[in-house]
Amino acid sequence: MTTSYNGMNGVGGASSRTVLITGASKGLGRALALELAKRGHTVIGCSRTHDKLISLQSELSSPEKHLFLNADVKSNSSIEELARAVVEKKGVPDIIVNNAGTINRNNKIWEVPEEEFDTVIDTNVKGVANMLRHFIPLMITRKQGIIVNMSSGWGRSGAALVAPYCASKWAVEGLTRSVAKELPDGMAVVALNPGVINTDMLASCFGNSAALYQAPEAWALKAATMILNLTAADNGASLTV
């Protein structure tokens, strides 16, 4: 079932949370990190880009409260090390947002180079799986935790010239529904379609017309509220901001 969610249900938005966001150095991840920190929550951000993480941390009012680490979701060993460092320094996150993602250059599938296809799948699908592999067991020990896997409208439909990306997001939807059946009571994993937002990724598909769409900062206002209010009752849902 695909649900449009306004973020006003649930009871979890008031208390302070620790939220881990992958791909936090730009786009939706960065906007969400800034918004959550502004609301008083502790942000753990990871990205492959060290200088952008430092820049993000410098914008936060209490930078020492947060944790920003280099990690590559495509690498299982990198995420294994990330999990170890996060637990050591901040404990087990209350919420994980698997946001890191990439898209292929607009091309028909037979014109997409093998390495480009592999990068999309390795980032968008294996990257999520790596995070689940190392963080779900930690959450199970606490018998609680919310995981948000960023999906797309193209994970529920199709579009020409971005078949690898569509395939990866369909996989995220299927992975999420399946993992939901494996989680114990008290936990939840959801697939979240952010909607059409003006990011670098959208610009790669839409060109200049991407500027006609909502900015990440405006999106983050709604998305943060929705994510903070997710509960175990939402387990397995396909949601839309």
Side-chain angles (χ1 to χ4, degrees), residues 19-33 44-53 56 68-83 85-86 93 95-107 109 111-136 147-159 161-179 189-206 210 216 219 223 238:
V19 186
L20 168 57
I21 305 170
T22 67
S25 66
K26 62 180 182 178
L28 300 185
R30 188 177 193 279
L32 184 61
I44 304 168
C46 72
S47 167
R48 293 177 301 159
T49 315
H50 180 71
D51 58 337
K52 289 184 179 179
L53 285 177
L56 171 59
F68 293 91
L69 299 167
N70 280 99
D72 183 354
V73 296
K74 299 193 304 299
S75 165
N76 182 65
S77 60
S78 178
I79 298 309
E80 183 177 22
E81 177 57 35
L82 174 71
V86 167
I95 301 171
I96 293 173
V97 181
N98 286 317
N99 165 76
T102 190
I103 197 167
N104 59 287
R105 290 187 297 273
N106 284 13
N107 255 327
I109 187 62
E111 295 172 346
V112 176
E114 177 187 6
E115 61 273 13
E116 192 173 341
F117 187 94
D118 288 350
T119 296
V120 172
I121 299 301
D122 288 351
T123 304
N124 298 1
V125 184
K126 292 183 182 179
V128 172
N130 288 336
M131 290 292 295
L132 299 179
R133 180 179 300 116
H134 294 290
F135 282 93
I136 285 179
I147 300 168
V148 178
N149 295 331
M150 294 298 277
S151 181
S152 169
W154 285 342
R156 303 165 189 173
S157 64
L161 308 181
V162 286
Y165 180 79
C166 293
S168 74
K169 293 303 184 179
W170 275 83
V172 167
E173 292 277 338
L175 181 66
T176 300
R177 293 186 193 191
S178 298
V179 172
V189 59
V190 305
L192 178 63
N193 167 21
V196 186
I197 315 298
N198 180 16
T199 62
D200 291 345
M201 195 178 295
L202 189 70
S204 77
C205 305
F206 286 17
W219 169 85
S238 292

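It should be emphasised that the depicted structure is a prediction, and the values quoted were computed from it without experimental measurement.
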Gap between atom OG1 of Thr49 and atom CG of Asp72 - 0.5 Å precision: 10.0 Å
Side-chain heavy-atom pair Phe135, Ile147 within 4.5 angstrom cut-off: no
Point-to-point distance, once rounded to the nearest 0.5 Å, from OG of Ser77 to NE2 of His134: 8.0 Å
Close side-chain approach of Leu32 to Asn99, heavy-atom, < 4.5 Å: no
Rounded distance (nearest 0.5 Å) linking atom OG of Ser78 with atom CG of Asn130: 9.0 Å
Beyond-backbone contact of Ile109 with Pro164, side-chain heavy atoms, under 4.5 angstrom: yes
Side chain Asn107, main chain Leu161, donor-acceptor under 3.5 Å: no
Rounded distance (nearest 0.5 Å) linking atom NE2 of His50 with atom OG of Ser25: 12.0 Å
Contact check, side chains of Ile21 and Arg30, non-hydrogen atoms, under 4.5 Å: no
Whether Ser151 side chain and Glu173 backbone form a donor-acceptor pair below 3.5 Å: no
Reported OG1-to-CZ distance for the pair Thr123 and Arg48, which is rounded to 0.5 angstrom: 6.5 Å
Least distance between heavy atoms, Ile79 atom then Ala71 atom: CD1-CB, 4.3 Å
Distance-only check: which donor-acceptor pairs under 3.5 Å involve side-chain atoms of residues 111-119, not counting sequence neighbours?
from: Glu116; atom 1: OE1; to: Arg105; atom 2: NH2; distance (Å): 3.0
from: Glu116; atom 1: OE2; to: Arg105; atom 2: N; distance (Å): 2.5
from: Thr119; atom 1: OG1; to: Glu115; atom 2: O; distance (Å): 2.9

Side chain proximity check, Met131 to Leu82, heavy atoms < 4.5 angstrom: yes
Backbone N/O of Pro194 and side chain of Trp219: donor-acceptor pair under 3.5 Å: yes
Closest heavy-atom pair and its distance - Pro93, Ile44: CG-CD1, 4.4 Å
Residue pairs fulfilling side-chain hydrogen bond (donor to acceptor under 3.5 Å, both in side chains) with at least one residue in residues 161-170, sequence neighbours excluded: Asn124-Ser168
Verdict with supporting geometry, Asn98 and Val172, side chain to side chain contact (heavy atoms under 4.5 Å, CB included): CA-CA 10 Å; Asn98 286 317; Val172 167; over 6 Å; no
pair Lys52-Ser47: side-chain heavy atoms closer than 4.5 Å: no
Verdict with reasoning, Arg133 to Asn76, per side chain to side chain contact (heavy atoms under 4.5 Å, CB included): CA-CA 9 Å; Arg133 180 179 300 116; Asn76 182 65; 2.9 Å; yes
Contact summary for Ala100 and Thr22, nearest pair of heavy atoms: N-OG1, 2.9 Å
Check: Asn106 and Val162 side chains under 4.5 Å, non-hydrogen atoms: yes
Closest approach of Asn149 to Leu132 (non-hydrogen atoms, all atoms of both residues): OD1-CD2, 4.4 Å
Under the side-chain contact (heavy atoms from CB on, under 4.5 Å) test, residues paired with Ala31 that sit two or more places apart: Pro216, Ala220
Test item: Asn193 side-chain N/O and Gly153 main-chain N/O as donor-acceptor pair under 3.5 Å: yes
